[in-house]
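One structure is given below, encoded as structure tokens.
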There are 2 protein chains.
Amino acid sequence: MSGEDNLLRLVEAEEPDENNYHLQDQVGFILRKAHQRHVSIFAAHIGDLTPPQFAALAKLYDIGETSQNQLGTLIAMDAATVKGVIDRLKARGLVELSKHEVDKRRLLVNLTPEGREAIERLIPLARSITEETLAPLTAKEAATFLRLLAKLA
Amino acid sequence: MSGEDNLLRLVEAEEPDENNYHLQDQVGFILRKAHQRHVSIFAAHIGDLTPPQFAALAKLYDIGETSQNQLGTLIAMDAATVKGVIDRLKARGLVELSKHEVDKRRLLVNLTPEGREAIERLIPLARSITEETLAPLTAKEAATFLRLLAKLA
DNA sequence: GCAAATTCATTCGTATGCAAATGATATCAA
DNA sequence: TTGATATCATTTGCATACGAATGAATTTGC
């Protein structure tokens, strides 16, 4: 029956099933899809800010004023990407920029009062986003997943 | 000691540690970093093709000719994104386009001989990429991780 | 103390990724 | 049959993401 059909198919294909490549089983492909799903959940909860923009605000709220480059390192963005993100946050009045007094290469970034207010308002929503993203897993599975995911990141 | 310092810090902050928001512990942030790492590994092994371009070729190799829209569904890309990917693969001679005889809305996509040759050459490299991406995990952890990741994607 | 190397930031080019609007075609339903 | 819907593809606009090149400022090494 099914087994014979599979055997026949494999013989016809002249290669065992293990040698076939299934895109949908590859970690990179699934990782990309999981990330897409998260971004979609994020957008449904926080429509007027992207995850990278939120990350920048949350990190500034956590550590206070820092250089654009240092901020990029902390939120895993290269220099070109972080510049664009900060430019857009600045245009919306959520962060302000200033020059480092000593090291003239550095551009300091800090939250404005509006930015602080925004991030304080958004953090509860971010908790919901995390919760919804992990909703397909049990609490135990979610803990395991986060532990293993952190190892890969 | 350390315990007293922590207590003091929490009292000063006037909130328990559980109420703090740590960006680096959020699933979305780690997911984004893990995806970035995978893309970087991919680029180190396959420099002249991106993961989405590879996904398109691999899926066409798997299922044969299909419409651009259907291909997008199978590789998790919206219509606008898949168009750009296919345009670039076409410009490189790896896929060819044709009109559907019956349904004039549809644009059929198929591998060229060069595209077939390319994907056959690249699949072994893709296996290495998967392996390297999962390298921080044991075999058992990797199996668990893929199972849980699939639930989220 | 000075030349070399490094760091910080910017700019350019290319490639996803998605929302929204549009046009062409096909299907459904009254 | 025809009018309303739905599907397929394209285009535009915006937002990451990163490599490479550039320039300014700092640090290192000798």
Side-chain angles (χ1 to χ4, degrees), chain A residues 28-29 31-44 46-57 66-92 94 97-109 153, chain B residues 28-29 31-44 46-57 66-92 94 97-109 153:
Chain A
F29 182 71
L31 216 40
R32 175 169 148 271
K33 288 212 296 176
H35 181 246
Q36 282 176 356
R37 173 171 168 270
H38 167 75
V39 171
S40 170
I41 292 170
F42 189 102
I46 301 180
D48 65 340
L49 220 55
T50 64
Q53 288 167 5
F54 174 86
L57 294 184
T66 188
S67 74
Q68 190 173 274
N69 226 37
Q70 174 65 10
L71 180 62
T73 299
L74 293 171
I75 59 181
M77 289 177 207
D78 70 13
T81 301
V82 79
K83 185 188 188 311
V85 172
I86 294 303
D87 279 354
R88 285 179 285 277
L89 292 175
K90 177 173 182 288
R92 293 177 53 177
L94 300 177
L97 305 178
S98 58
K99 292 178 181 173
H100 193 285
E101 287 299 317
V102 177
D103 188 339
K104 295 177 183 173
R105 295 169 306 177
R106 296 188 197 174
L107 187 63
L108 294 176
V109 189
Chain B
F29 183 70
L31 216 40
R32 175 169 149 271
K33 287 211 299 176
H35 181 246
Q36 283 176 355
R37 173 170 169 271
H38 167 76
V39 172
S40 169
I41 291 170
F42 189 101
I46 301 180
D48 64 341
L49 221 54
T50 65
Q53 290 167 4
F54 174 85
L57 294 183
T66 188
S67 74
Q68 191 172 273
N69 227 36
Q70 173 66 9
L71 179 62
T73 299
L74 293 171
I75 60 180
M77 288 178 209
D78 69 14
T81 301
V82 77
K83 185 191 188 310
V85 172
I86 293 304
D87 278 355
R88 285 180 284 277
L89 291 175
K90 177 173 182 288
R92 294 175 55 176
L94 299 177
L97 305 179
S98 58
K99 293 178 181 174
H100 191 287
E101 288 299 316
V102 177
D103 189 338
K104 295 177 183 172
R105 295 170 304 178
R106 295 189 197 173
L107 186 64
L108 296 176
V109 190

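Note: hydrogens, waters and symmetry copies are ignored here, and every other heavy atom, side chains too, is used. All chains are named by letter (A, B, ...) in the order of the sequence lines, taking the proteins before the strands, and each is independently numbered beginning at 1.
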Side-chain N or O of [X] closer than 4.0 Å to phosphate OP1/OP2 of [N]:
X	N	value
Gln36(A)	dT16(C)	no
Gln70(B)	dC8(D)	no
Arg106(B)	dA26(C)	no
Thr50(A)	dT16(D)	yes

Starting at atom [atom1] of [X], determine the distance to atom [atom2] of [N], rounded to an integer number of angstrom.
X	N	atom1	atom2	value
Lys104(B)	dT27(C)	NZ	P	12 Å
Lys90(A)	dT10(C)	NZ	P	11 Å
Lys83(A)	dA15(D)	NZ	P	14 Å
Leu89(A)	dT16(D)	CG	C1'	13 Å
Lys33(B)	dC18(D)	NZ	P	12 Å
Lys99(B)	dT25(C)	NZ	P	10 Å
Asn69(B)	dT10(D)	CG	P	9 Å
Asp87(A)	dT16(D)	CG	C1'	13 Å

What does [X] touch in the nucleic acid at a heavy-atom separation under 4.0 angstrom: a base, only the sugar-phosphate, or nothing?
X	answer
Val109(A)	nothing
Ser40(A)	nothing
Val82(B)	nothing
Val85(B)	sugar-phosphate

Atom pair [atom1]/[atom2] of [X] and [Y] - distance to nearest 0.5 Å:
X	Y	atom1	atom2	result
Gln70(B)	Ile75(B)	CD	CD1	10.5 Å
Lys83(A)	Met77(A)	NZ	CE	14.0 Å
Gln53(B)	Leu57(B)	CD	CG	7.5 Å
Asn69(B)	Leu74(B)	CG	CG	10.5 Å

Between [options], which nucleotide gets closest to the side-chain atoms of [X]?
X	options	value
Leu107(A)	dT10(C), dA17(D), dT10(D)	dT10(C)
Pro52(A)	dA17(D), dA25(D), dA15(D)	dA17(D)
Ala80(A)	dA15(D), dA15(C), dG19(D)	dG19(D)
Met77(A)	dA9(C), dA17(D), dC18(C)	dA17(D)

For this session: Take Gly84(B) and Ala79(A), find for each the nucleotide of DNA chain C with the closest heavy atom, and name the residue whose nucleotide sits nearer the 5' end.
Result: Ala79(A)
Exercise. Which residue lies toward the 5' end of DNA chain C, Gln68(A) or Val39(A), if each is placed at its nearest nucleotide?
Worked result: Gln68(A)
Seminar exercise, completed: Closest to the 5' end of DNA chain D, once Asp78(A) and Asp103(B) are matched to their nearest nucleotides, is Asp103(B)
Exercise. Step by step, would you call Leu89(B) with Val109(B) a side-chain contact (heavy atoms from CB on, under 4.5 Å)?
Worked result: CA-CA 10 Å; Leu89(B) 291 175; Val109(B) 190; over 6 Å; no
For this session: State whether the distance check finds a donor on one side and an acceptor on the other, under 3.5 Å, for side chain Arg105(A) versus base dT7(C).
Result: yes
Problem set entry | Plane angle bin for His35(B) and His35(A) - parallel if under 30°, tilted between 30 and 60°, otherwise perpendicular | parallel
